[in-house]
*Asks:* 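Next up is a structure, given as structure tokens.
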Amino acid sequence: MPELPEVEHVARQLRADLVGRRIVRASVFWPRSVSGMTPDAFEQALGGRLVKEVGRRGKYLLVTLDNGQVLVVHRRMSGNLIFADAQDGALYVRVAFALDDGRYLLYSDPRKFGRLMLVPSENLADIFTHLGPEPLDEAFTPAVLAKRLAGGKRSIKATLLDQSVIAGVGNIYADEALYAAQIHPLRPADSLDADEINRLHAAIQSVLEKGIEHGGTTFGRYRDAYNEAGGNFDHLVVYQKTGQPCPRCGTPIERITVAQRGTHYCPHCQRLPEETSSPSPYPARRGAAGETFR
DNA sequence: CTATAAACCTGCTGGC
DNA sequence: TGCCAGCAGGTTTATA
């Protein structure tokens with residue numbers, strides 16, 4: 001479920017509302033939601049801890065505690081962290097944290113794929129060795145992206161989903177970024193020219209920033225810390241929009257499978273070299289999508 | 001390296 | 001209405 005924007009949105013909410021709170025008690029209801037230690041040890045280690053700060057790395061949420069330990073949360077496909085007034089204040093609660101103000105922070109996860117772990121802050125770097133750069137950092141420049149894509153034989157879509165190439169991009173924002181940059185998802189990563197890499201770099205940052213701005217993308221079960229859906233779905237152009245007209249040219253959005261993932265794109269605006277000359281029955285409709293032109 | 005499939009899990013949707 | 005196939009925001013591991 002959550003990609004970088006969804007994790008970042010919740011991280012900001014927790015930074016404002018969880019920092020300074022004390023975890024009175026932790027309760028694990030699904031043992032496999034905790035990794036790296038027994039549920040008992042996890043509950044013992046968290047009980048009584050004060051929350052010092054909240055951060056994010058890629059799709060990982062980081063809650064730093066007053067004993068130098070960091071609660072690391074990866075929500076995978078269906079996990080949510082939700083404030084509630086009761087321990088059973090949400091469905092599918094796998095772990096509950098009772099807070100010192102009477103509320104609960106609930107880890108809800110219907111599919112049980114997500115994982116919580118407790119890591120000493122000095123060991124944090126060790127568990128993130130597989131992660132590539134943060135796409136919204138200033139250090140992430142077009143040159144960095146170019147270097148990361150160089151020599152890559154895989155499709156650009158599969159490459160963007162690889163967390164060791166860029167941290168935090170998932171299926172929604174990969175499709176949206178490739179659409180915005182007008183690059184076909186099956187293009188080999190090392191076949192992009194400098195202009196395409198520049199466009200892709202700008203597109204990645206822009207779709208992620210827009211996602212954060214709108215509180216993340218909800219088309220299924222993603223909810224933020226206050227159990228609210230994100231508003232970004234209405235701002236998506238291709239993801240889960242199969243059959244709907246491309247706002248740029250009117251061609252219906254198509255869905256294919258790339259790297260075992262549903263992949264959405266405009267066959268007219270995002271073409272493979274072999275089909276650059278194939279005509280589209282849909283005439284360009286400049287200005288049709290709210291673009292300004294005179 | 002790359003590519004593919006399977007595994008981990010449950011729920012929802014669409015077609016018949 | 002009911003059942004079944006297919007699909008879902010992710011990652012890891014095994015196999016070719």
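First the proteins, then the strands, lettered A, B, ... as listed; each starts at 1.
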*Asks:* Stacking here means centres under 5.5 Å and planes under 30°; does Y222(A) stack on dG9(C)?
*Replies:*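 Taking the rule of under 5.5 Å and under 30°, the ring of Y222(A) does not stack on dG9(C).
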*Asks:* Write down the distance between CE (M77(A)) and C1' (dT10(B)), rounded to a whole number of angstrom.
*Replies:*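 From M77(A) CE to dT10(B) C1': 11 Å.
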*Asks:* Tell me the interatomic distance from N80(A), atom CG, to dG10(C), atom P, rounded to whole angstroms.
*Replies:*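 These atoms are roughly 14 Å apart.
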*Asks:* Which value, in whole Å, describes the distance between the P atoms of nucleotides dT2(B) and dG9(C)?
*Replies:*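 One P to the other, the span is 23 Å.
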*Asks:* Taking only the side-chain heavy atoms of Q163(A) (C-beta and beyond), determine which of dT11(C), dG10(C), dT2(B) contains the nearest atom.
*Replies:*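 Closest nucleotide to the Q163(A) side chain: dT11(C).
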*Asks:* Could you work out the separation of dA5(C) and dA6(B) based on their P atoms and round it to a whole Å?
*Replies:*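 Per the computed distance, 16 Å lies between those P atoms.
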*Asks:* I want to check one thing: is the phosphate of dT10(B), taken as OP1 and OP2, less than 4.0 Å away from some side-chain N or O of K112(A)?
*Replies:*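 It does, given that an N or O in the side chain of K112(A) lies less than 4.0 Å from OP1 or OP2 of dT10(B).
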*Asks:* Is any side-chain nitrogen or oxygen of R261(A) closer than 4.0 Å to OP1 or OP2 of dG10(C)?
*Replies:*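 Affirmative; the distance criterion is met.
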*Asks:* Give the nucleotide from the list dA3(B), dG9(C), dT12(C) with an atom nearest to the side chain of R76(A).
*Replies:*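 It is dT12(C).
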*Asks:* Kindly point out which of dG10(C), dT12(C), dA8(C) is positioned nearest to the side chain of R111(A)?
*Replies:*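 Side chain of R111(A) sits closest to dA8(C).
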*Asks:* D175(A) has an atom CG; how far is it from atom P of dG10(C), in whole Å?
*Replies:*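 Going from CG in D175(A) over to P in dG10(C) covers 10 Å.
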*Asks:* Roughly how far apart, to the nearest Å, are dG10(C) and dC1(B) at atom C1'?
*Replies:*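 Pairwise C1' distance, dG10(C) against dC1(B), rounds to 22 Å.
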*Asks:* Got a salt bridge between R21(A) and D101(A), using NZ or NE/NH1/NH2 to carboxylate O under 4.0 Å?
*Replies:*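 Looking at R21(A) and D101(A), the cut-off is met.
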*Asks:* May I have the distance from D109(A) (atom CG) to dC8(B) (atom P), rounded to whole angstrom?
*Replies:*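 After rounding, the gap between these two atoms is 16 Å.
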*Asks:* Taking the side chain of H74(A) as heavy atoms from C-beta outward, which of dC9(B), dG9(C), dT11(C) is closest to it?
*Replies:*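 Side chain of H74(A) sits closest to dT11(C).
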*Asks:* Expressed in angstrom and rounded to an integer, what is the separation of I156(A) atom CD1 from dT2(B) atom C1'?
*Replies:*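 Distance, rounded to whole Å: 15 Å.
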*Asks:* Please tell me which of the listed nucleotides, dG11(B), dA8(C), dC9(B), lies nearest to the side chain of F219(A)?
*Replies:*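 When the side chain of F219(A) is considered, dA8(C) is the closest of dG11(B), dA8(C), dC9(B).
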*Asks:* Closest to the Y92(A) side chain: dG10(C), dG9(C), dG11(B)?
*Replies:*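 Ranking dG10(C), dG9(C), dG11(B) by closest atom to the Y92(A) side chain puts dG11(B) first.
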*Asks:* Determine the Euclidean distance between corresponding P atoms of dT11(C) and dG11(B); express it in Å to zero decimal places.
*Replies:*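 Their P atoms lie roughly 22 Å apart.
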*Asks:* Inspect the contact between E53(A) and R15(A) and indicate whether a charged nitrogen and a carboxylate oxygen are less than 4.0 angstrom apart.
*Replies:*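 No, no charged N to carboxylate O under 4.0 Å.
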*Asks:* dA8(C) P sits how many Å from E6(A) CD, rounded?
*Replies:*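 Result: 16 Å.
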*Asks:* Is the CG atom of N123(A) crowded by more than 12 outside heavy atoms at less than 6.0 Å?
*Replies:*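 Check passes, neighbour count above 12.
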*Asks:* Side chain of R32(A) only, please: which of dC9(B), dT11(C), dG9(C) is the nearest?
*Replies:*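 For the R32(A) side chain, the nearest candidate turns out to be dC9(B).
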*Asks:* Looking at every strand, decide which applies to G170(A) at a 4.0 Å heavy-atom threshold: base, sugar-phosphate, or nothing.
*Replies:*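 The residue G170(A) makes sugar-phosphate contact but no base contact.
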*Asks:* To the nearest angstrom, how far is D190(A) atom CG from dT2(B) atom C1'?
*Replies:*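 After rounding, the reported distance stands at 12 Å.
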*Asks:* Give a yes/no on whether any side-chain N or O of K59(A) is located under 4.0 angstrom from OP1 or OP2 of dG9(C).
*Replies:*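 No, no such contact exists.
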*Asks:* Quantified in whole Å, what is the C1' atom distance between nucleotide dG6(C) and nucleotide dC9(B)?
*Replies:*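 dG6(C) and dC9(B) have their C1' atoms separated by 16 Å.
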*Asks:* Is it the case that over 12 heavy atoms from other parts of the model lie below 6.0 angstrom from the NZ atom of K112(A)?
*Replies:*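 Check passes, neighbour count above 12.
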*Asks:* Please work out if Q260(A) contacts a base, only the sugar-phosphate, or nothing of the nucleic acid, heavy-atom cut-off 4.0 Å.
*Replies:*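 Result for Q260(A) = base.
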*Asks:* Using a 6.0 Å cut-off, check whether atom CD of Q44(A) has over 12 heavy atoms from anything other than its own residue.
*Replies:*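 It does not: Q44(A) CD has 12 such atoms or fewer within range.
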*Asks:* If you check every side-chain atom of Y239(A), which of dT11(C), dT2(B), dA8(C) has the closest atom?
*Replies:*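 Among the listed nucleotides, the one closest to the side chain of Y239(A) is dA8(C).
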*Asks:* For nucleotides dC8(B) and dC4(C), find the distance between their P atoms and express it as a whole number of Å.
*Replies:*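 One P to the other, the span is 22 Å.
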*Asks:* Please work out the stems of DNA chain C from pairs that are Watson-Crick or G-U wobble with both distances under 3.5 Å, keeping only runs of three or more consecutive pairs.
*Replies:*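 So far as stems of 3 or more pairs are concerned, DNA chain C shows B:2-8 with C:10-16, B:10-16 with C:2-8.
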*Asks:* Using a 4.0 Å heavy-atom cut-off across all strands, classify G262(A) as base, sugar-phosphate, or nothing.
*Replies:*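 Sugar-phosphate contact only.
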*Asks:* Tell me which one of V63(A), I127(A), L124(A) satisfies side chain to side chain contact (heavy atoms under 4.5 Å, CB included) with V70(A).
*Replies:*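 In the set V63(A), I127(A), L124(A), the residue that makes a side chain to side chain contact (heavy atoms under 4.5 Å, CB included) with V70(A) is L124(A).
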*Asks:* Look at the side-chain heavy atoms of Ile, Leu, Val, Met, Phe, Trp and Tyr, link any pair under 4.5 Å apart, and say whether V28(A) and F97(A) land in one connected group.
*Replies:*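 They do share one cluster, since a chain of ILVMFWY contacts under 4.5 Å joins V28(A) to F97(A).
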*Asks:* How far apart are the C-alpha atoms of S164(A) and D162(A), what are their side-chain angles, what is the distance that settles it, and do they pass the side chain to side chain donor-acceptor pair (under 3.5 Å) test?
*Replies:* CA-CA 5 Å; S164(A) 71; D162(A) 183 342; 2.8 Å; yes
*Asks:* Taking the six-membered ring of F233(A), is the NZ or CZ of K241(A) close enough (under 6.0 Å from the centre) and on axis enough (within 45°)?
*Replies:*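 Yes, a cation-pi geometry holds between K241(A) and F233(A).
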*Asks:* Considering heavy-atom distances to DNA chain C, does T263(A) or Y60(A) have its closest nucleotide positioned more toward the 5' end?
*Replies:*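 On the 5' side of the pair lies T263(A).
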*Asks:* Of A259(A) and F113(A), whose nearest nucleotide on DNA chain B comes first from the 5' end?
*Replies:*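 The residue whose closest nucleotide sits nearer the 5' end is A259(A).
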*Asks:* Measure the distance from CG on L161(A) to P on dT12(C) and round it to the nearest whole Å.
*Replies:*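 That distance rounds to 13 Å.
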